[in-house]
Amino acid sequence: MKAWDVIVIGAGAAGLMCAAEAGKRGRRVLLLDHGKRIGRKILMSGGGRCNFTNYFIEPGAFLCENPHFVKSALARYTQWDFIALVEKHGIAYHEKTLGQLFCDDSAQNIVDMLVKECDDAGVTIRLRSNIDSVASLGEGFAVTTDNDQYSCQSLVVASGGLSMPKIGASAFGYKLAEQFGLKVLPTRAGLVPFTLQPEDKATLEPLAGVSLPVVAESEDGTRFAENLLFTHRGVSGPSVLQISSYWQAGEQVHFELLPAGRLTQGIADSPNQELKTWLSRHLPKRLVDTLLEREKITNKPLKQYVPKEVAAIEQLLAAWPLKPGGTEGYRTAEVTLGGVDTDELSSKTMMAKKVPNLYFIGEVVDVSGWLGGYNFQWAWSAGWCAGQVV
Ligand SMILES: Cc1cc2nc3c(=O)[nH]c(=O)nc-3n(C[C@H](O)[C@H](O)[C@H](O)COP(=O)(O)OP(=O)(O)OC[C@H]3O[C@@H](n4cnc5c(N)ncnc54)[C@H](O)[C@@H]3O)c2cc1C
């Protein structure tokens with residue numbers, strides 16, 4: 001059995017960061033992955049340009065049963081630390097919107113950077129390694145793969161969540177946590193498009209391709225001001241992906257298409273204009289036609305609407321209700337909500353409180369961020385923290 005100081009399972013964002021940091025401390029590190037390529041999610045992220053962090057990282061942008069858990073790691077390894085690393089490697093980047101930072105060129109730059117950090121730190125990376133079993137050795141762990149057997153003092157699980165099974169996502173980390181008696185919170189898809197109820201699908205499908213700025217609001221009052229996109233399968237766009245993480249099956253989502261009071265102002269400004277004409281100045285015409293038809297609103301000059309009708313239309317525009325049929329699930333989700341319960345882990349080191357020298361980092365943990373570079377920052381921060389102590 002070959003002996004290592006540290007074995008990290010999962011050569012994704014968190015695992016690469018952790019392995020490089022541990023290697024820099026002189027630890028002999030083996031990084032295992034069952035896939036053929038390193039950092040496959042990084043490569044496909046941000047439309048191939050990797051939205052690697054965000055200028056506005058803050059604990060409130062993360063979903064976790066214990067909202068305080070993320071604070072320590074995010075403060076110890078910040079977005080500025082990761083930006084400094086990116087700059088040290090000469091990678092050109094830009095802010096797209098809302099503080100989101102992307103590579104100018106390609107996500108491959110980020111993978112190359114992390115691999116270089118690992119190489120410089122003497123990390124050994126073995127791909128195509130399927131883990132058959134993990135066992136406790138008292139002081140450390142035995143890891144058996146389909147082609148070798150290893151022992152290690154510290155074991156780090158960085159195997160990610162369930163989204164995108166086609167590129168190697170697996171339930172490995174959750175099962176391992178359970179094997180060692182740790183609690184795993186129920187998982188579900190997050191940052192994911194909504195599908196529609198059959199009757200909504202029939203009326204809204206013709207809007208496929210229509211996009212507009214809205215404010216999406218979940219039943220718990222969380223709000224995101226970003227774009228809404230109608231698709232052939234349902235609704236998507238950043239506002240929908242964001243709000244999907246706060247949505248539970250059976251709940252409604254409301255979209256503010258126009259702020260309250262706009263129509264009343266419109267009536268005062270252009271009383272002779274027809275509703276359809278006025279609305280089409282503010283919203284995509286195809287959406288206006290569909291809304292009026294769906295809601296059975298008669299089109300007439302604005303001054304002819306009685307106060308009760310005005311109030312109803314204002315309400316519809318300020319909070320258009322939609323009850324999703326479901327989500328597109330792990331096939332297209334960007335993250336997995338839920339996972340290893342943070343109560344089981346040290347927020348400073350990510351070590352399991354009950355199992356010395358066993359660590360969980362990245363998406364496998366019950367921490368998910370907003371869209372916009374937050375999830376990678378969690379992976380870098382958690383990976384870095386574990387890397388200092390394993
Ligand atoms: C399409 C898409 C786009 C995204 N874009 C962004 C973005 O732009 N910005 C952002 O912040 N976040 C983005 N995300 C989310 C981000 O990719 C994840 O949050 C992040 O990759 C999690 O890092 P991780 O290291 O925990 O897991 P991963 O990066 O998923 O790495 C896990 C690794 O473990 C390996 N593994 C899994 N099971 C096993 C096993 N049984 N044995 C061995 N190895 C195993 C996998 O092959 C993988 O290499 C995106 C996600 C998707 C799906």
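Atoms within each ligand, like the ligands themselves, are counted from 1 in listed order. All heavy atoms count here, side chains included; hydrogens, waters and symmetry mates do not.
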What atoms of ligand 1 come within less than 4.0 Å of a heavy atom belonging to [X]?
| X | result |
| --- | --- |
| G373 | 9 (N), 10 (C), 11 (O) |
| A13 | 23 (O), 25 (O), 29 (O) |
| G46 | 5 (N), 8 (O) |
| G362 | 26 (O) |
| N51 | 7 (C), 8 (O), 9 (N), 10 (C), 11 (O) |
| G168 | 37 (C), 38 (N), 46 (C), 47 (O) |
| A158 | 32 (C), 33 (C), 34 (O) |
| Y374 | 11 (O) |

Could you find the nearest protein heavy atom to [atom] and give me its residue, atom name and distance?
| atom | result |
| --- | --- |
| atom 25 (O) of ligand 1 | A14 N, 2.8 Å |
| atom 21 (O) of ligand 1 | F376 CE2, 3.4 Å |
| atom 51 (C) of ligand 1 | E334 O, 3.2 Å |
| atom 27 (O) of ligand 1 | G160 CA, 3.5 Å |
| atom 38 (N) of ligand 1 | S170 OG, 2.7 Å |
| atom 18 (C) of ligand 1 | E363 OE1, 3.2 Å |
| atom 5 (N) of ligand 1 | S45 CB, 3.2 Å |
| atom 48 (C) of ligand 1 | D33 OD2, 3.4 Å |

Say whether [X] and [Y], considering side chains only, have a donor N or O and an acceptor N or O under 3.5 Å apart.
| X | Y | answer |
| --- | --- | --- |
| K303 | N272 | yes |
| Q273 | R281 | yes |
| D81 | T78 | yes |
| S211 | N227 | yes |
| N54 | Q100 | no |

Without swapping roles, check the side chain of [X] against the backbone of [Y] for a donor-acceptor pair under 3.5 Å.
| X | Y | result |
| --- | --- | --- |
| S245 | L191 | yes |
| S151 | F141 | no |
| R28 | A3 | yes |
| T327 | V192 | no |

Can you tell which part of [X] has a heavy atom less than 4.0 Å from ligand 1: side chain, backbone, both or neither?
| X | result |
| --- | --- |
| A333 | backbone |
| F172 | side chain |
| R40 | side chain |
| F52 | neither |
| I131 | side chain |
| M164 | side chain |

inquiry  = For ligand 1, which is the ligand I care about here, please tell me if G161 has any N or O atom under 3.5 Å from one of the ligand's N or O atoms.
reply    =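 No - when backbone and side-chain N and O of G161 are compared with those of ligand 1, no distance drops under 3.5 Å.
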message = With nothing but distance in play, are any N or O atoms of H34 less than 3.5 Å from an N or O of ligand 1?
response =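 Yes - when backbone and side-chain N and O of H34 are compared with those of ligand 1, one distance drops under 3.5 Å.
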inquiry  = One pair to check against ring pair (Phe, Tyr, Trp, His ring centres under 6.0 Å): W378 and Y374. What are the steps and the verdict?
reply    = CA-CA 6 Å; W378 167 248; Y374 295 89; over 10 Å; no
ask   = Taking the side chain as C-beta and beyond, is there a heavy-atom pair between L263 and W278 under 4.5 Å?
value =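 In contact.
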message = For K24, I'd like to know if atom NZ has over 12 heavy atoms of other residues, nucleotides or ligands within 6.0 Å.
response =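 Enclosed: over 12 neighbouring heavy atoms sit under 6.0 Å from NZ of K24.
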message = Between F62 and W370, is the ring pair (Phe, Tyr, Trp, His ring centres under 6.0 Å) condition met? List the steps.
response = CA-CA 6 Å; F62 293 84; W370 288 350; 8.3 Å; no
request  = Describe, in one word, how the ring planes of Y77 and F82 are oriented to each other, choosing from parallel (under 30°), tilted (30 to 60°) and perpendicular (over 60°).
outcome  =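 Ring orientation, 0 to 90° scale: perpendicular.
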request  = Output, in order, the C-alpha distance, side-chain angles, deciding distance and verdict of ring pair (Phe, Tyr, Trp, His ring centres under 6.0 Å) for Y93 and F52.
outcome  = CA-CA 10 Å; Y93 65 91; F52 54 80; 5.8 Å; yes
request  = Could you check which of S159, G173, A379, G339 puts a non-hydrogen atom nearest to atom 37 (C) of ligand 1?
outcome  =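 Looking at heavy atoms only, S159 sits closest to atom 37 (C) of ligand 1.
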